Amino acid sequence: MTSSATTLPSIARDEFNDFFAALNGGYAPFSWQEEVLDHICEHGVWPERINAPTGSGKSSVVDIHLFANALAAVGAAPRVPRRLCVTVGRRALVDSQADRAREEILDRMEKALADGSGEPDILRRVAEALQSFQTRNDEQRSAPFEVGHIRGELSNRNLPVTDISACAIIAATPDMYGSRALFRGYGSTKAARPRETALLAMDTVMVLDEAHMNRQLLHTTQRIAELQKREVNLGVPTLQVVETTATPSTEDSGSTTLGVDIEALDSPNDKELHKRVYSHKELALRPIDKWDGKPGNRAVVDAAVGAIKKFLAHREVGKGSEVAHTVGCIVNHVRTAISIKEELAKDLAKDEVQLLVGRMRPYDLENLQEDHPDLFTTEGDKSVKVVVATQTLEVGIDVDFADLVTELAPASSLAQRFGRVNRLGHRTDSKVVVIEPASGDLVKKDAPPYKAVDLSNAYGWLEALNGAENPSVNPAAMVKNPPVQSSPERLLYQRPEWPDLLEFSRTDENPYDDPDLDLWLHDSLDAETAMGGVIVRDNLPSNTSAAMEILKTSYFAPSDEETFPANMKILQEILDYQDEHGVKPRKFLYRQGEISLWQDADHGDESNHLLAPGDVLILDTGSIPFTNQGIAVTQRELPSKKDELEAVPFPEEIKLYVYEKCADREKDFGEYLGLSPEEVAELLDTQSTDGKKKMIVSELTTEAEDGQEVIAWYAKVTDDKESVEGSDIAQELVLAGPVLLDDHQNDVAERTRQLAENLGLAPEFSEALELAAKYHDEGKRDLRFQQMLGADPDADALAKSGHRSVAEAYRARSRSALPRGWRHEQLSALMVAASPEKVGAHRDLVLRIIGCSHGHGRFSFAHDAGFLLEEGYQPEGTDYEALKEQATRLFNVGYWDNLMEQTSRTYGPYATAYLEAVERAADAQISREGH
């Protein structure tokens, strides 16, 4: 933690030019970017809108956010939101933004903190200023800011919930952000939901890129920001929402709008922007008779391939140039993109044509980026002649194609696609070919995902552009002849109201039917917009119990990297698939952090309504075909020759040995024949001379070739970095020595006070938080809990046992006298409620924070007084009868439910979630430090 006595560096507003140039190849910021920073520094809030044409640098909101926070840290600007969440409906762009924040900005700043790094001094000073927000006692200096990344199918652990005071950049897709803003994070565990909501909806500015494509999410988040103003003022900023687009989705004249004025680009800093705005982009229309807007239309495929080949022939002249001349092709459907790639691959080498769609497995995308690191930058890759893509390339990625081929799409989408060609304005011969119907009369029916009216309007808009003296689709032309707004997908957009938010915030309960968030998140209620995922594994034994055992071991749990994004239709087809014998291959379901066999999870009822956004199916490699060119597709889109899919390999430090999959059983399993799992575990432990090596042994056996029993599988892990942060077991485990309960609670209380001070929380709430932290683990005094920790009954109570592996901690819990599902924080709240002298004026708020200190108890606990307090197991020094009477009042009569309801109404659902998150962050930090 940075000491309050530490002298912070001096940073002035006029140094933004130097900071920006240091991160952007020496280029100074454009005028509009400076105006946004000035607005933030003057008012302490972001503008509601940023209107800027494609190529004008909207991604610079990250640079602006970091510098504004650095100014706030040194007292040169007002307090502004610590977190920036950039939200956009393109997975590739989400990845790109997270990569830039982590690899281009954060890495540079961390280098700048090292002596003799050679980095500009302004980067060092900004990094030191941002570090001052950190409230941790790590031995090594912490990163200047945190990076979060939530996209797609698994709720990964890339959200900085433990570093709630830190400056942060978070990249997210609309569903991942919106579901969390409504307390229902897709893919999140119930216990994680409230703290993720607090992280993304408080002390945060959410920038919704190309907001016209996500109008419902814009309405929802704007309404959340409005309702937060009714909550108590905690002293920290509430949610701020910024829509960034070249085509604003609302006409609210009362909103603050900043952006690019193409008629006022006279500043020296805007010389480069002027070049981009007035770049050469010649428009050419390619009408075809058989256009129908359907996926894989042969006429569209042939026209696209023909236009691409003409561009390639033209670009052969500049073959020796140092500049990449990649031709881009953006179409409306995955099937069309796959067909075009297959045709081009007949004449081009494998690496010369690349496919990029949103439904790519991150592992495959990472391999593509490793092989062609400059492909998706403005520098380009000379070895790649063609990139075939879907809408994933429409928004934000800084590709700079020499020429572009696209098919008819809504005008706003076309405007985005046009921005991917001659992006920097350096070329003088770039062309754009739009494949369209031969007549506007052919656009009569909807062509999902687009409506006929939008395609017809786009057709007319293109004709108008083409009628100009010099047909162009550069940004200036887009401003002078704006693209026609797409028609609303809904006649009425839904606004969440106060009762909705109160209901959503009941995160720990099991409702009869989960709310359908489509109403608040999606523009279209008809289209199949919800996403899940598919994973293939090649190392799962045929014994389903053993396979489940592997999947539930944290080292082998599903990861985002190996997940194929897939919509609900594809997932349902996988569930319905039968092999040639009419047998449905087994499938495992990963949902909200839990894994189950699909048939067991849903009792054989595999109807579509049981699938939910964020669900991931895990398959054995080759058991069910579902990909074409490595992309998840419907069964009718499968290739004639089945894809040969490879499972994503485990990291080198993790080795999994499965008996029936083992190539050399004598070598890897020979000495374990006839031994029980316990005997194998002991043997492996004695063989491990390296303290960093961990052995994991199956508790199941299988029949070996000679008829003897042998363990089904085992694993060797070179470096024991198993993550248990945020899990229940983390509250019992520390890898150093035992931790006394009083010491732990005092440390958490002190860290909570520091966090509250750092965040600028109002004094009354800081006091309530500190009190809650001081008693948040009182329930651990229960004798059964102490016995589980191996505590000396005559010594002081422990908070954590110490010197235990994760497996040992789990075994100790399973063998203890504690009933399954027992919650120590429920007992903590009870013990404090029974001692009113411990809490002040905000008694109910303090009790709430204690009871919800691990995400449970919102709005009720599953167990009553009799379950919580078993006679003979009351905490030491307590009056059992009095305690049981208080427990009956709280958890049997319903006072706890009333307490939760009243605190949510009094303080607000987001304010209470934020206060809980601050205490949880302090607890996690102290636990992570071994105290």
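Not measured: the values here are computed from a predicted model. Just so you know, residue 1 is the first one in the sequence shown, and it goes up from there.
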Point to revise | Working for side-chain hydrogen bond (donor to acceptor under 3.5 Å, both in side chains), residues Glu929 and Gln925 | key: CA-CA 6 Å; Glu929 293 165 16; Gln925 288 182 18; over 6 Å; no
Check your understanding: Is the shortest heavy-atom distance from the side chain of Leu798 to the side chain of Leu740 under 4.5 Å?
Key -> yes
Practice item. Determine yes or no for a side-chain-to-main-chain donor-acceptor pair under 3.5 angstrom, with Asp63 supplying the side chain and Phe20 the backbone. Key: no
Exercise for review: Show the numbers, then the answer: is there a side-chain hydrogen bond (donor to acceptor under 3.5 Å, both in side chains) between Thr378 and Arg423?
Suggested key: CA-CA 8 Å; Thr378 53; Arg423 189 169 179 81; over 6 Å; no
Review point. Is the backbone N or O of Asp777 less than 3.5 Å from a side-chain atom of Gln745, with the two atoms forming a donor-acceptor pair by type?
Key: yes
Practice item. Mind running side-chain hydrogen bond (donor to acceptor under 3.5 Å, both in side chains) on Asp270 and Ser31 for me, showing each step along the way? Key: CA-CA 7 Å; Asp270 291 334; Ser31 297; 2.7 Å; yes
Check your understanding: How about His744 and Asp923: does a side-chain donor come under 3.5 Å of a side-chain acceptor?
Key -> yes
Check your understanding: If we only count heavy atoms from C-beta on, is the Thr238 to Met202 side-chain gap below 4.5 Å?
Key -> yes
**Study point:** Leu769 vs Leu755, side chain to side chain contact (heavy atoms under 4.5 Å, CB included): CA-CA, chis, key distance, verdict
**Key:** CA-CA 10 Å; Leu769 268 176; Leu755 272 172; over 6 Å; no
Exercise for review: Determine the minimum heavy-atom distance between Tyr177 and Leu239, stating which atoms define it.
Suggested key: OH-CD1, 3.3 Å
Study note, to complete from the structure: Separation between CG (Leu23) and CZ (Phe67), nearest 0.5 Å, reads 10.5 Å
Review point. Closest approach of Ala98 and Val147, non-hydrogen atoms and distance?
Key: O-CG1, 4.0 Å
Check your understanding: Can you tell if the side chain of Gln33 reaches within under 4.5 Å of the side chain of Ile64, non-hydrogen atoms only?
Key -> yes
Review point. Atom CG in Asp18, atom CD1 in Ile11: separation rounded to 0.5 Å?
Key: 11.5 Å
Practice item. Kindly determine whether Asp796 and Leu741 satisfy side chain to side chain contact (heavy atoms under 4.5 Å, CB included), including the steps that lead there. Key: CA-CA 8 Å; Asp796 292 336; Leu741 180 57; over 6 Å; no
Check your understanding: So, does His65 use its side chain to make a donor-acceptor pair with the main chain of Val62 at under 3.5 Å?
Key -> no
Exercise for review: Calculate, to the nearest 0.5 Å, the distance between atoms CD and CD belonging to Glu119 and Glu110 respectively.
Suggested key: 11.5 Å
Point to revise | Electrostatic pair Arg13:Glu34 at N-O distance under 4.0 angstrom | key: yes
Check your understanding: With the threshold set at 4.0 Å, does a side-chain nitrogen-carboxylate oxygen contact exist between Arg848 and Glu916?
Key -> yes
Review point. Can we say Arg79 and Asp203 salt-bridge, meaning some charged N sits less than 4.0 Å from an Asp/Glu carboxylate O?
Key: yes
Point to revise | Pairwise side-chain contact, Thr244 with Glu210, heavy-atom cut-off 4.5 Å (strictly under) | key: no
Practice item. Without swapping roles, check the side chain of Gln97 against the backbone of Ala171 for a donor-acceptor pair under 3.5 Å. Key: no
Review point. Is a donor on one side and an acceptor on the other found under 3.5 Å between the side chain of Glu243 and the backbone of Arg49?
Key: no
Exercise for review: Decide yes or no for Val236 and Leu761: does some side-chain heavy atom of the first lie under 4.5 Å from some side-chain heavy atom of the second?
Suggested key: yes
Check your understanding: Is the backbone of Leu199 close enough, under 3.5 Å, to the side chain of Thr204 for a donor and an acceptor to pair up by distance?
Key -> yes
Review point. Which heavy-atom pair separates Arg82 from Ala166 by the least distance, and what is that distance?
Key: CB-O, 3.7 Å
Review point. Between the side chain of Arg193 and the main-chain N/O of Leu182, is any donor-acceptor distance below 3.5 Å?
Key: no
Exercise for review: Indicate whether the side chain of Ser165 and that of Thr135 have a donor and an acceptor atom separated by less than 3.5 Å.
Suggested key: yes
Check your understanding: Between Arg108 and Glu104, is there a salt bridge with N-O shorter than 4.0 Å?
Key -> no
**Study point:** Gap between atom CD1 of Ile164 and atom CZ of Phe133 - 0.5 Å precision
**Key:** 14.0 Å
Check your understanding: Is a side-chain N or O of Glu231 found less than 3.5 angstrom from the main chain of Tyr910, in a donor-acceptor match?
Key -> yes
Practice item. Quick one: closest heavy-atom pair of Ala773 and Thr752, and the distance? Key: CB-OG1, 3.3 Å
Review point. If you measure only the distance, is there a donor-acceptor pair under 3.5 Å linking the side chains of Thr903 and Asp844?
Key: no
Check your understanding: Can you tell if the side chain of Arg753 reaches within under 4.5 Å of the side chain of Glu750, non-hydrogen atoms only?
Key -> yes
Check your understanding: Is there a donor in the side chain of Glu196 and an acceptor in the side chain of Ser188, or the other way round, less than 3.5 Å apart?
Key -> yes
Point to revise | Audit row: Lys800, Ser927, side-chain hydrogen bond (donor to acceptor under 3.5 Å, both in side chains) steps and yes/no | key: CA-CA 9 Å; Lys800 302 175 189 293; Ser927 297; 3.1 Å; yes
Study note, to complete from the structure: Which of His931, Arg751, Lys774 passes side chain to side chain donor-acceptor pair (under 3.5 Å) with Asn746? It is Lys774
Review point. If you take all heavy atoms of Arg858 and Ser505, which pair is closest and at what distance?
Key: NH1-O, 2.8 Å
Check your understanding: Just wondering, more than 12 heavy atoms not from Glu767 lying within 6.0 Å of its CD?
Key -> no
**Study point:** Expected output: side-chain Glu778 to main-chain Tyr775 donor-acceptor under 3.5 Å
**Key:** no
**Study point:** Min side-chain heavy-atom separation Ile105-Arg100 under 4.5 Å
**Key:** yes
Study note, to complete from the structure: The single option from Met206, Arg180, Met176 that satisfies side-chain contact (heavy atoms from CB on, under 4.5 Å) with Leu200 is Arg180
Review point. Atom CD in Gln134, atom CZ in Phe145: separation rounded to 0.5 Å?
Key: 11.0 Å
Check your understanding: Would you call the rings of Tyr907 and His842 parallel, tilted or perpendicular, where under 30° means parallel and over 60° means perpendicular?
Key -> tilted
Practice item. Look only at the side chain of Gln240 and the backbone of Pro81, and say whether a donor-acceptor pair between them is shorter than 3.5 Å. Key: no
Check your understanding: Going through the checks in order, is the side chain to side chain contact (heavy atoms under 4.5 Å, CB included) test met by Val36 and Trp46?
Key -> CA-CA 7 Å; Val36 171; Trp46 284 66; 4.2 Å; yes
Exercise for review: Please determine if Glu128 and Arg124 form a salt bridge, counting it only when a charged side-chain N lies under 4.0 Å from a carboxylate O.
Suggested key: yes
Study note, to complete from the structure: In short, Leu771 meets Val839 closest at the heavy-atom pair CD1-CA, 4.2 Å
Exercise for review: Could you walk me through whether Leu66 and Leu84 pass side chain to side chain contact (heavy atoms under 4.5 Å, CB included), step by step?
Suggested key: CA-CA 9 Å; Leu66 294 174; Leu84 170 77; over 6 Å; no
Point to revise | Interatomic distance, Ile50 atom CD1 to Ser56 atom OG [nearest 0.5 angstrom] | key: 9.5 Å
Review point. Side-chain contact, heavy-atom cut-off 4.5 Å: Leu106 with Pro144?
Key: yes
